[in-house]
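In what follows, residues are counted from 1 in the order of the sequence shown.
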Amino acid sequence: MNDNKAIEIINKIFINVFDKNNPYSLDKILEKFAFDIKLPKQVNDSITNEVTWADSISSGRFITLENMEKRDTTSGWMLEKKDINSLQDLINIWNTINYTTTERVYDSINVTKSDTIYGCQYVYRSTDCSNCKNIVFCDSCVNSEFLLASQRSNTSAFCIRTDDSKDCSNSYNVICSNKVSNSFFIQDCFDLHECMFCSHIANKRFCIANMQFEEQEYFAIKKMIIEWILNS
């Protein structure tokens, strides 16, 4: 997994959501779509000084999962008993072994710049995700694929900025909703298809701002909204 693969994944998501190719760099994607997502931060391994990624940086002392396991199988982590004459003595000894483990990736392949990833494939700078494929800039997503800048969502695919939602597809900016497809700017809704700027409604098609439109006029407005999203 590298920057080029991340861009490839993002492009597939854009085509499914906006029917357009992604015009942005990774940095611009991060700025425009993932600005508020909790993502791993770049730090340095405190022993080797190599760059690594952590979802918690409060300790200030880090070790990659690979380096932690390497020490575990060589010299080990147990220490010889020493005299402790003060609290400072204890803290000094503790500091020789107390590192936050970074890039914790388990049963996963092709993962980069990520931390706490379980059973995933093709993950780029994401955290606390499990059983996902092809995700970029995501936090706490499960059983999903082709997600960008999404968080706390489940069983969704080809979505951008999907938060606290489930069973969504081909959609942008969906919050606290279920079974939403081909829709933009949806909050607290259920079973919507081809809707935009809707809140607190269910079982609707071709609605904009909770108003019913004809299919043809709906798609004319949707075209304008896509241009506004991508060019604003």
Requested in this report: Determine whether more than 12 heavy atoms belonging to other residues, nucleotides or ligands lie under 6.0 Å from atom CG of N203.
Outcome: yes
Show every donor-acceptor pair shorter than 3.5 Å between a side-chain atom in residues 180-187 and any protein atom, with sequence neighbours excluded, or say none if there are none.
{"residue": "S181", "atom": "OG", "partner": "H193", "partner atom": "ND1", "Å": "2.7"}
{"residue": "S183", "atom": "OG", "partner": "S181", "partner atom": "O", "Å": "2.8"}
{"residue": "S183", "atom": "OG", "partner": "E194", "partner atom": "N", "Å": "3.3"}
{"residue": "S183", "atom": "OG", "partner": "C195", "partner atom": "N", "Å": "3.0"}
{"residue": "S183", "atom": "OG", "partner": "C195", "partner atom": "O", "Å": "3.3"}

Query raised in the report: Does D45 have any salt bridge (Lys or Arg N to Asp or Glu O under 4.0 Å) partners at least two apart in sequence or in another chain, and if so, which?
Result: none
Query raised in the report: For K32, does the NZ atom sit with more than 12 other heavy atoms under 6.0 Å from it, leaving out its own atoms?
Result: yes
Requested in this report: Give a yes or no on whether F35 and L230 share a hydrophobic cluster (residues Ile, Leu, Val, Met, Phe, Trp, Tyr; joining criterion: side-chain heavy atoms under 4.5 Å apart).
Outcome: no
Query - hydrophobic_cluster_shared for I37 and F137, side chain cutoff 4.5 Å - result: yes
**Report entry** T96 side chain vs W94 backbone, donor-acceptor pair below 3.5 Å
**Finding:** no
Query - Which residues share a side-chain contact (heavy atoms from CB on, under 4.5 Å) with E214, sequence neighbours left out - result: E217
**Report entry** Within-4.5 Å side-chain heavy-atom neighbours: K113 and D3
**Finding:** yes
Query raised in the report: Are K5 and Y122 in a cation-pi contact, defined as NZ or CZ under 6.0 Å from the six-membered ring centre and within 45° of the axis?
Result: yes
Query raised in the report: Nearest 0.5 Å, what's the CD1-CG distance between I10 and N21?
Result: 12.5 Å
Report task. Walk me through it: do T48 and E50 pass the test side-chain hydrogen bond (donor to acceptor under 3.5 Å, both in side chains)? Result -> CA-CA 5 Å; T48 65; E50 63 192 282; 2.6 Å; yes
Query raised in the report: S177 side chain to C189 main-chain N or O, any donor-acceptor pair under 3.5 Å?
Result: yes
Requested in this report: Would you check, one step at a time, whether the test side chain to side chain contact (heavy atoms under 4.5 Å, CB included) holds for I221 with M196?
Outcome: CA-CA 10 Å; I221 295 172; M196 298 183 293; 4.1 Å; yes
Query raised in the report: Between CD1 of I13 and CG of N170, what distance do you get to the nearest 0.5 Å?
Result: 10.5 Å
Query raised in the report: Does the side chain of I7 come within less than 4.5 Å of L26's, by heavy atoms?
Result: yes
Query raised in the report: With sequence neighbours excluded, what pairs up with D115 under the salt bridge (Lys or Arg N to Asp or Glu O under 4.0 Å) test?
Result: R104
Requested in this report: Please find out if less than 6.0 Å separates the ring center of Y118 from that of Y106.
Outcome: yes
Query raised in the report: Just how far is it from atom CD1 of I84 to atom CD1 of I93, taken to the nearest 0.5 Å?
Result: 4.5 Å
Report task. Answer yes or no for R71 and W77: cation-pi contact, defined as NZ/CZ to six-membered ring centre under 6.0 Å and angle to ring axis within 45°. Result -> yes
Query raised in the report: S199: what forms a side chain to side chain donor-acceptor pair (under 3.5 Å) with it, not counting sequence neighbours?
Result: none
**Report entry** Q216 atom CD: more than 12 heavy-atom contacts under 6.0 Å
**Finding:** no
Query raised in the report: Under a single-linkage definition using a 4.5 Å side-chain heavy-atom cutoff for Ile, Leu, Val, Met, Phe, Trp and Tyr, are F213 and I226 assigned to the same hydrophobic cluster?
Result: yes
Requested in this report: Could you pull out all residues at least two apart from R161 that satisfy side chain to side chain donor-acceptor pair (under 3.5 Å)?
Outcome: D36
Query - Pair E145 + K12: basic N to acidic O under 4.0 Å - result: no
Query - K222 atom NZ, over 12 foreign heavy atoms within 6.0 Å - result: yes
Query raised in the report: Got a sec, which residues hit side chain to side chain donor-acceptor pair (under 3.5 Å) with T155, two or more places apart in sequence or on another chain?
Result: D167
Report summary line: Applying side-chain contact (heavy atoms from CB on, under 4.5 Å) to D164 and not counting sequence neighbours gives R152
**Report entry** Identified ring pair (Phe, Tyr, Trp, His ring centres under 6.0 Å) counterpart of F18 within the set Y24, Y172, F158, F33
**Finding:** Y172
Report task. Decide if atom CE of M78 counts as having more than 12 heavy atoms of other residues, nucleotides or ligands within a radius under 6.0 Å. Result -> no
Requested in this report: With the side chain counted from C-beta on, respond yes when R125 and P40 share a heavy-atom pair under 4.5 Å apart, and no when they do not.
Outcome: yes
Query - Set of residues satisfying side-chain contact (heavy atoms from CB on, under 4.5 Å) with respect to V105, sequence neighbours excluded - result: S108, V111, I117
Requested in this report: Would you please test M1 and V123 for side chain to side chain contact (heavy atoms under 4.5 Å, CB included) and show each step?
Outcome: CA-CA 7 Å; M1 185 65 175; V123 176; over 6 Å; no
Query - CD1-CZ distance between I229 and F14, expressed to the nearest 0.5 angstrom - result: 9.5 Å
Query raised in the report: Taking side chain as C-beta onward, heavy atoms only, is F146 less than 4.5 Å from I9?
Result: yes
Report summary line: Hits for salt bridge (Lys or Arg N to Asp or Glu O under 4.0 Å) against D188, two or more places apart or cross-chain, chain-then-number order -> none
Report task. Could I get the full list of side chain to side chain donor-acceptor pair (under 3.5 Å) partners for T116, not counting sequence neighbours? Result -> D55, T127
Query raised in the report: Can you find a side-chain donor-acceptor pair between E8 and N4 that sits under 3.5 Å?
Result: no
Requested in this report: Pick out which of S58, S59, S46 makes a side chain to side chain contact (heavy atoms under 4.5 Å, CB included) with T100.
Outcome: S59
Requested in this report: Write down the atom of A209, the atom of C198, and the distance for their closest heavy-atom approach.
Outcome: N-SG, 3.9 Å
Requested in this report: To the nearest 0.5 Å, tell me how far D163 CG sits from C168 SG.
Outcome: 10.5 Å
Report task. Could you list the residues that satisfy salt bridge (Lys or Arg N to Asp or Glu O under 4.0 Å) with R205, not counting sequence neighbours? Result -> D191
Query raised in the report: Between the side chain of D72 and the main-chain N/O of M68, is any donor-acceptor distance below 3.5 Å?
Result: no
Requested in this report: Determine, stepwise, if the pair D128 / D139 fulfils side chain to side chain contact (heavy atoms under 4.5 Å, CB included).
Outcome: CA-CA 6 Å; D128 198 26; D139 172 28; 4.1 Å; yes
Requested in this report: Given side chain to side chain contact (heavy atoms under 4.5 Å, CB included), test I208 with Y218 step by step and report yes or no.
Outcome: CA-CA 8 Å; I208 302 175; Y218 169 87; 3.7 Å; yes
Report task. Taking T73 for its side chain and E69 for its backbone only, find out whether a donor-acceptor pair lies under 3.5 Å. Result -> yes
Query raised in the report: Heavy-atom count around I57 CD1 within 6.0 Å, excluding the residue itself: above 12?
Result: no
Query raised in the report: Can you check whether I175 reaches N173 side chain to side chain, under 4.5 Å on heavy atoms?
Result: yes
Query raised in the report: Side-chain contact, heavy-atom cut-off 4.5 Å: V17 with L148?
Result: no
Query raised in the report: Do I47 and Y99 come within less than 4.5 Å of each other through their side chains, counting heavy atoms only?
Result: yes
Query - N178 backbone acceptor or donor facing S165 side chain under 3.5 Å - result: no
Query raised in the report: With side chains defined as the heavy atoms from C-beta onward, is the minimum distance between K179 and F190 less than 4.5 Å?
Result: yes
Query - Path from M224 to F206 over hydrophobic side-chain contacts below 4.5 Å - result: yes
